[in-house]
Amino acid sequence: MEEVIRIKGQKLLNGTVQISGSKNLCVALIPASILARDVVVIHNIPPISDVYNLIEILETLDICVQYHKDTLIIDSSNVKYRDLDMTAMERLRASYYFYSVLLGMYKKLEAKSIGGCRLGERPIDLHIKAFEQLGAKFEIKNNSYYFDGSNLHSGHIVFDKISVGATINAVLLAIQIKGKTIIENAAIEPEITELNKFLIKMGASIEGLGTSTLIIRGGKDLHGTEFYNIPDRIEVGTYALIGAATAKELTIKNVIKEHIQSLLDLFDLLEVNYEIQNKSELIVRKSTIKKGIIVLTAPYPGFPTDLQQPLTSFLSVNEGTSVIIESIYTNRFAHIKELNEMGANINVTNMNIIIHGVKELKGLVVSGKDLRGAASLVLAGLMAKGETVVRGLEYINRGYENMIKKLRKIHANIELGLEDFGEN
Ligand code: EPU
């Protein structure tokens, strides 16, 4: 039997949804906290499976972790080196933030490859090059990565492609090395700026926050601190699209407007009925989309690739033809086959998603194959006529806190169910 999400669509939603802490920030804060070798307290940590996997990795490094409500207390005073060969490493891509942390601390590292959603090629060459710029030696033997950090030194890193993860890994290693390191063409996602604020609170010296050039004076003594995680801008965007597709009135609480500006710009072009209230609340109402649009996914402050999949579902019921150019991932398209089976009319050529709007989608059994793809099918199910069964609940649980509970609270006809697909 498999746990699935069962949705009866075309119900008019109404109410308030509270946004949880950012997944992509907390998955960096948790490994980074070890650098304090002290007690770090982080609030607003969502109970998602990526967090539980990171806690499991911390515990194998003899780090003491307490997780009450949404507060994580990490005491790494007794941290011990261990090869990163545990299976939890393979369950999420962000586990590679342990590479820079442990390499800087212990000057060596052996690790198995990392996990993450399958979205096409996801190499780590930019991370390795950044480590090498800082004096690390790297080799692969028997499917394991070996890093030698006995000659680490400060340096000048110029990324030839913008990468969130490689920027974070470069910062986490550079702050541990004495001397001045400059990182150019750094990613400027809010999660990176917030991580840098956290590291500064721990005692690090980092200049250039929010810009593509970071200047780090490394080797400072780091210490414990307390920090608040920011709201998850991709969760905001997902619910905003759900609201625009299905809600009489949806109030989304805990929003940082500037983090979702590219989505609001798109809403303006599409004439979506929305407003910002009390600075941190976004109110969205169901809106009929009468024209097509061209959207390019791009690094921040561009339109996030993580909202490409929910946006594809949203635009599939529409009066125009839209194009989304997916410029970040070569294969973030698994949701499209499922949407087409539900009655959408979408083609993908190269990395262009061409969406010919249809009148309505129809409910069906569909399979999410990755986190945002599964969320996009939930949105499609809420929009569709009849019953939709979404498989791939484990992906949703990686990144959305209590999605079903939050949707039920705004009157969606959605529940967990058990299905036997006769596959085992
Ligand atoms: N890339 C390389 N070489 C590298 C690293 C990246 O070619 O060494 C490429 C990637 O293949 C991709 C592009 O560079 O084509 C950008 O990837 P990036 O490194 O920025 O992505 P990431 O750090 O692996 C984070 C988020 C993703 C989000 C991307 C882009 C985390 C844990 N993950 O991934 O989030 O899509 O940035 O914004 O922060 C999600 O939340 O659903 C998710 C996949």
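Note that ligands are numbered from 1 as they come in the structure, with each ligand's atoms numbered from 1 the same way. Hydrogens, waters and symmetry mates are skipped; everything else that's a heavy atom, side chains included, is used.
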Student: Is any side-chain N of the basic residue among E401 and K23 closer than 4.0 Å to the acidic one's carboxylate O?
Tutor: no
Student: So that I can tick it off, tell me whether E191 and R233 are bridged by a salt bridge, with the cut-off set at under 4.0 angstrom between side-chain N and carboxylate O.
Tutor: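 A salt bridge is present here (some side-chain N lies under 4.0 Å from a carboxylate O).
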Student: May I ask you to list the atoms of ligand 1 that are less than 4.0 angstrom from any heavy atom of Y96?
Tutor: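 Answer, ordered by atom number: 22 (P), 23 (O), 24 (O).
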Student: With the threshold set at 4.0 Å, does a side-chain nitrogen-carboxylate oxygen contact exist between R332 and D306?
Tutor: yes
Student: Looking only at side-chain N and O atoms, does S49 offer a donor or acceptor that is under 3.5 Å from a partner on R91?
Tutor: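 On atom types as modelled, these side chains do not qualify, holding no pair under 3.5 Å.
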Student: Under a 4.0 Å threshold between the charged nitrogen and the carboxylate oxygen, would E226 count as salt-bridged to K201?
Tutor: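 Salt bridge flag = no for E226 with K201.
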Student: Once side-chain hydrogen bond (donor to acceptor under 3.5 Å, both in side chains) is applied, do any residues pair with S150, and if so which ones, sequence neighbours excluded?
Tutor: D148
Student: So, for S163 and A166, which heavy atoms are closest and what is the spacing to 0.1 Å?
Tutor: OG-N, 3.0 Å
Student: Looking only at N/O atoms, are A166 and ligand 1 under 3.5 Å apart anywhere?
Tutor: no
Student: At a 4.0 Å cut-off, with the gap strictly under it, does some heavy atom of P123 reach an atom of ligand 1?
Tutor: yes
Student: Closest heavy-atom contact between S20 and E235?
Tutor: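 Looking at all heavy atoms of both residues, the shortest contact is N-OE1, 2.8 Å.
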Student: Output, in order, the C-alpha distance, side-chain angles, deciding distance and verdict of side-chain contact (heavy atoms from CB on, under 4.5 Å) for Y400 and L371.
Tutor: CA-CA 9 Å; Y400 291 92; L371 167 60; 3.6 Å; yes
Student: Give yes or no for whether the N/O distance cutoff of 3.5 Å, strictly under, is met between R372 and ligand 1.
Tutor: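 Yes, there is a polar N/O contact under 3.5 Å.
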Student: Tell me whether F159 reaches ligand 1 (any heavy atom closer than 4.0 angstrom to a ligand atom).
Tutor: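 Contact absent.
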Student: Any atoms of ligand 1 less than 4.0 Å from a non-hydrogen atom of I124? List them with their elements.
Tutor: 4 (C), 8 (O)
Student: Does ligand 1 come near enough to L371 that some N or O of the ligand is less than 3.5 Å from an N or O of the residue?
Tutor: no
Student: Within ligand 1, which atoms have a heavy atom of D306 less than 4.0 Å away?
Tutor: 27 (C), 28 (C), 35 (O), 36 (O), 40 (C), 41 (O), 42 (O), 43 (C), 44 (C)
Student: Counting heavy atoms only, name the option from T167, L92, I328, L126 that's nearest to atom 8 (O) of ligand 1.
Tutor: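 Looking at heavy atoms only, L126 sits closest to atom 8 (O) of ligand 1.
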Student: Would you mind telling me if ligand 1 is within reach of the side chain of R332, the backbone, both or neither, using heavy atoms under 4.0 Å?
Tutor: side chain
Student: Give the numbers and elements of all ligand 1 atoms closer than 4.0 Å to a heavy atom of G165.
Tutor: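 The list of qualifying atoms is 19 (O), 23 (O).
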Student: Run the contact test for E191 against ligand 1 with a 4.0 Å cut-off on heavy atoms, strictly below, and give the result.
Tutor: no
Student: With a cut-off of 4.0 Å, which atoms of ligand 1 are near a heavy atom of K23?
Tutor: 40 (C), 41 (O)
Student: Any N or O of T305 that comes nearer than 3.5 Å to an N or O of ligand 1?
Tutor: no
Student: Can you find a side-chain donor-acceptor pair between Q308 and R372 that sits under 3.5 Å?
Tutor: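 No donor-acceptor contact under 3.5 Å links the two side chains.
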Student: Does A94 reach ligand 1 with a nitrogen or oxygen that is under 3.5 Å from one of the ligand's nitrogen or oxygen atoms?
Tutor: no
